[in-house]
Protein chains: 2
Amino acid sequence: MGLTKTDNFTTEQNELAAFAKALGHPARVAIIEYLSSQASCICGSIVDAIPLAQATVSQHLKELKNAGLIQGNIEGNSICYCLNPEKWKKFKQMLEPTFTHIEQPVCC
Amino acid sequence: MGLTKTDNFTTEQNELAAFAKALGHPARVAIIEYLSSQASCICGSIVDAIPLAQATVSQHLKELKNAGLIQGNIEGNSICYCLNPEKWKKFKQMLEPTFTHIEQPVCC
DNA sequence: TTGTTTTATTGCAATATTACGATAAAGAAA
DNA sequence: TTTCTTTATCGTAATATTGCAATAAAACAA
């Protein structure tokens with residue numbers, strides 16, 4: 001198969017899964033870490049910072065953009081990428097119940 | 001290809017990616033949400049709660065277990081699954097820099 | 001105009017994931 | 001013992017992901 005049965009789950013569950021999936025590759029983790037530590041975020045800098053070919057980095061940027069975790073703004077000749085604060089807030093908020101739960105483990 | 005170049009990234013980046021990837025499917029999100037809201041966590045209850053075949057749920061449980069996000073303890077005839085608090089704390093801690101960064105967006 | 005820079009897209013091969021029926025394995029119950 | 005219950009694994013088919021070279025597209029520079 002290889003086809004996720006998204007209809008069986010809630011919109012929220014699918015959205016959280018999409019956020020997590022977008023972060024589920026070390027190159028994309030590296031991109032997010034880079035954007036979390038930089039004021040500037042020109043695409044070319046990201047390509048230089050990630051040890052993969054330009055085409056591959058572009059593809060990873062596209063996936064992060066599709067998930068909404070980053071956004072890109074045209075800046076003359078190049079593109080300025082940055083984190084999307086609202087989506088990250090939603091991501092964080094959706095993880096909260098579990099982060100809270102593990103403070104008082106009850107089982108096993 | 002289809003083969004992630006893990007050697008190009010740090011151990012931490014790979015670990016965060018592995019956590020996120022494990023959560024990157026709505027069925028696994030549903031399992032985690034279930035375990036975050038339940039004291040009991042018998043495998044059979046999870047299978048009943050997830051709208052997929054037993055074999056498929058078992059496979060998803062295995063992936064969450066491999067990532068370390070859950071653990072299973074044999075309990076007589078069945079298996080008691082629960083969250084692994086330490087791994088979740090690490091997951092949370094690795095996301096903190098980004099969660100902090102989005103409080104003061106600086107770009108775009 | 002032509003050329004350069006920057007980023008995205010296409011096409012492809014290799015590998016991974018998803019889903020499920022069938023079956024196996026191991027303990028509980030009879 | 002046999003049977004039932006519970007969970008894991010195998011085998012398979014369909015689809016998705018990863019990576020890169022080559023190329024396209026779009027804006028700037030000369």
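Chain A is the first sequence line, chain B the second, and so forth, proteins listed ahead of strands; every chain is numbered from 1.
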- Using whole Å, report how far CG of Leu61(B) lies from P of dT6(D). 15 Å

- Message: For Phe91(A), give me all partners under ring-ring contact (aromatic ring centres under 6.0 Å, His included), at least two apart in sequence or on another chain.
- Response: Phe19(A), Trp88(A)

- Partner set under side chain to side chain contact (heavy atoms under 4.5 Å, CB included) for Ser78(A), not counting sequence neighbours: Ile42(A)

- Message: Between C1' on dT17(D) and CG on Leu64(A), what's the gap in Å once rounded to a whole number?
- Response: 14 Å

- Going 5' to 3' through nucleotides 18-23 of chain D and flagging B where a protein heavy-atom sits under 4.0 Å of the base, S where only the sugar-phosphate is that close, and - otherwise, we get BBBBB-

- Message: Tell me every residue that passes side chain to side chain donor-acceptor pair (under 3.5 Å) with Glu33(A), counting only those two or more places apart in sequence or in another chain.
- Response: Gln13(B)

- Message: Once side chain to side chain donor-acceptor pair (under 3.5 Å) is applied, do any residues pair with Lys90(B), and if so which ones, sequence neighbours excluded?
- Response: Glu15(B)

- Partners passing side chain to side chain contact (heavy atoms under 4.5 Å, CB included) against Glu86(B) (at least two apart in sequence or in another chain): Asn84(B)

- Start with the C-alpha gap between Ile79(A) and Tyr81(A), add the side-chain angles, then the distance that decides, and say whether side-chain contact (heavy atoms from CB on, under 4.5 Å) holds. CA-CA 6 Å; Ile79(A) 301 214; Tyr81(A) 278 108; 3.9 Å; yes

- Item | Leu23(B) CG to dT18(C) C1', straight-line distance once rounded to whole Å | 17 Å

- Task: Determine: side-chain N/O of Tyr81(A) to OP1/OP2 of dA8(C), distance under 4.0 Å, yes or no.
- Result: yes

- Task: Measure the OG-OH distance between Ser45(A) and Tyr34(A) for me, rounded to the nearest 0.5 Å.
- Result: 4.0 Å

- Could you state the CD1-C1' distance from Ile42(B) to dG27(C), rounded to the nearest angstrom? 14 Å

Tell me which donor-acceptor pairs under 3.5 Å the side chains of residues 48-63 of chain B have, and how far apart each pair is, sequence neighbours excluded?
residue	atom	partner	partner atom	Å
His60(B)	ND1	Arg28(B)	NH1	2.9
Glu63(B)	OE1	Arg28(B)	NH1	3.4

- Query: Using a cut-off of 4.0 Å on non-hydrogen atoms, how would the nucleic acid contact of Ser58(A) be classed: base, sugar-phosphate, or nothing?
  - Reply: base

- Message: Could you tell me how far apart Gln71(B) (CD) and dT7(D) (C1') are, to the nearest whole angstrom?
- Response: 18 Å

- Message: What is the separation between atom CD1 on Ile79(A) and atom P on dT5(C), rounded to the nearest whole Å?
- Response: 18 Å

- Note on the structure: In whole angstroms, the gap separating P of dT18(C) from CG of Asn66(B) amounts to 13 Å

Shorter than 3.5 Å, N or O on both sides, protein versus nucleotides 24-30 of chain D: list them out with atom names.
none

- Sequence neighbours excluded, which residues qualify as side chain to side chain contact (heavy atoms under 4.5 Å, CB included) partners of Lys92(B)? Phe99(A), Glu96(B)

